[in-house]
Amino acid sequence: MNWDNFVVQNCPPSIYYVPEFITKEEECSIMQAIAKTPKPRWTQLSNRRLINYGGVPHPKGMIAEDIPAWLNHYVDRINQLNVYEEGIKANHVLINEYLPGQGIMPHLDGPLFYPTITTISCGSHTVLEYYDQIDGSVSDSSGSIVRHHTASILLEPRSLLVVKDDMYHKYLHSIAALEQDVIDDMVVNMSKMSNLSVGAVLQRAKRISLTIRHVPKTSKMKIKIF
């Protein structure tokens with residue numbers, strides 16, 4: 001791929017956005033495979049549920065698990081894109097399920113992962129918000145933390161997002177807990193969309209995200225969990 005064609009302008013380095021990275025048939029297949037996942041395999045959080053494939057990242061090292069073949073197909077596709085340094089391959093997939101009205105608070109992915117993150121979106125769009133980190137963050141009159149909003153990225157179904165460099169290390173990212181999104185001029189990848197304009201209102205549905213990444217610190221022991 002010529003990544004110059006997919007770089008997102010008007011934001012700090014570096015974000016790449018690839019529309020229609022997978023087909024509708026692949027999206028349907030992914031959604032069906034995840035729908036069949038046994039309930040005990042899920043981790044239920046207050047604002048979403050998730051599955052770790054490849055192991056559970058830990059500061060002392062991830063105990064590696066085999067990734068199911070249907071999912072490893074997409075890991076292989078990411079590895080073929082050469083988004084990592086030579087010799088580094090993705091070995092972990094975090095699957096998140098977001099229902100309308102669910103989101104995630106501003107955060108960094110941190111040092112457990114190689115600082116290049118790739119995400120495939122299925123089922124619904126969402127808007128990813130980026131914020132400056134502010135030391136000793138100030139609060140407004142209601143006590144809420146005030147952060148500087150740097151950029152928004154609209155993630156369409158079947159798209160691929162690649163985040164690295166400063167946008168990985170320095171900028172918090174979040175998804176607001178909303179049931180619909182109003183597109184504004186903070187959406188910095190608008191130029192890559194031909195059928196959308198400022199002011200558009202998009203209703204959210206169930207979204208499945210596949211965040212495919214490399215965990216550098218793993219144990220030599222490998223187990224199978226399907």
Side-chain angles (χ1 to χ4, degrees), residues 12-16 34 37-69 71-72 74-79 81-98 102-121 126 128-137 145 147-148 150 153 155 160-177 207-226:
S14 299
I15 290 183
Y16 302 87
I34 292 172
T37 304
K39 191 172 181 179
R41 196 72 177 85
W42 291 90
T43 299
Q44 182 67 57
L45 304 180
S46 60
N47 57 350
R48 69 192 191 285
R49 62 177 186 163
L50 58 84
I51 312 171
N52 282 285
Y53 279 116
V56 178
H58 190 276
K60 293 184 178 180
M62 180 177 76
I63 298 176
E65 301 172 3
D66 285 335
I67 296 173
L71 185 55
N72 210 44
Y74 297 99
V75 175
D76 288 343
R77 282 187 62 181
I78 294 299
N79 284 329
L81 297 177
N82 298 319
V83 296
Y84 308 109
E85 292 179 8
E86 185 175 352
I88 294 177
K89 300 290 185 182
N91 60 359
H92 180 263
V93 184
L94 177 65
I95 293 178
N96 278 299
E97 178 192 77
Y98 294 93
Q102 294 182 334
I104 186 170
M105 296 293 289
H107 67 285
L108 296 174
D109 286 339
L112 286 182
F113 307 102
Y114 182 85
T116 295
I117 298 295
T118 65
T119 301
I120 300 171
S121 295
T126 199
L128 195 60
E129 313 281 2
Y130 280 89
Y131 297 89
D132 281 333
Q133 295 186 70
I134 301 175
D135 293 333
S137 298
I145 293 175
R147 293 189 173 99
H148 177 251
T150 302
I153 307 289
L155 305 183
L160 172 68
L161 180 76
V162 180
V163 179
K164 57 198 309 183
D165 304 326
D166 282 357
M167 285 304 260
Y168 180 91
H169 291 290
K170 296 182 179 180
Y171 292 88
L172 304 165
H173 60 281
S174 68
I175 296 173
R207 174 176 175 262
I208 297 291
S209 66
L210 279 59
T211 298
I212 301 172
R213 50 196 174 182
H214 174 75
V215 178
K217 192 173 182 180
T218 61
S219 73
K220 293 182 180 179
M221 180 175 66
K222 195 170 188 179
I223 59 177
K224 292 185 177 181
I225 298 180
F226 297 111

*asked:* For Asn91 versus Met62, what's the shortest heavy-atom pair and its separation?
replied: O-CE, 4.0 Å

_Asp166 side chain vs Pro13 backbone, donor-acceptor pair below 3.5 Å_ = no

_When you compare the side chain of Tyr171 with that of His148, does any pair of heavy atoms fall below 4.5 Å?_
no

*asked:* Using a 3.5 Å distance criterion without hydrogens, assess whether the side chain of Asn79 forms a donor-acceptor pair with backbone atoms of Ala90.
replied: yes

*Pick out which of Asn52, Thr211, Thr218 makes a side-chain hydrogen bond (donor to acceptor under 3.5 Å, both in side chains) with His92.*
Asn52

*Starting at CE of Met167, measure out to CG of Leu108 and round the result to the nearest 0.5 Å.*
11.5 Å

*asked:* Donor-acceptor check, side chain of Lys217 to backbone of Pro59, threshold 3.5 angstrom: yes or no?
replied: yes

*Determine whether Leu160 and Leu81 make a side-chain contact, defined as any pair of heavy atoms from C-beta on separated by less than 4.5 Å.*
yes

_Just verifying a value: how many Å separate Thr116 OG1 and Arg213 CZ, rounded to the nearest 0.5 Å?_
12.5 Å

_Side-chain heavy atoms of Ile212 within contact of Arg77, under 4.5 Å_ = no

_If you apply the rule side-chain contact (heavy atoms from CB on, under 4.5 Å), what do you find for Arg207 with Leu155, and how did you get there?_
CA-CA 10 Å; Arg207 174 176 175 262; Leu155 305 183; 3.6 Å; yes

*Using 30° and 60° as the class limits, which term best fits the ring planes of Tyr114 and Tyr84: parallel, tilted or perpendicular?*
perpendicular

*For side-chain contact (heavy atoms from CB on, under 4.5 Å), just list the numbers for Leu172 and Gln133, CA-CA rounded to whole Å, side-chain angles, deciding distance to a tenth of an Å, and then say yes or no.*
CA-CA 6 Å; Leu172 304 165; Gln133 295 186 70; 3.9 Å; yes

*Rounded to the nearest 0.5 Å, what's the gap from OH on Tyr168 to NE2 on His173? Could you check?*
8.5 Å

*Take Thr119 and Leu210 through the test side-chain contact (heavy atoms from CB on, under 4.5 Å) and record every step on the way to the result.*
CA-CA 5 Å; Thr119 301; Leu210 279 59; over 6 Å; no

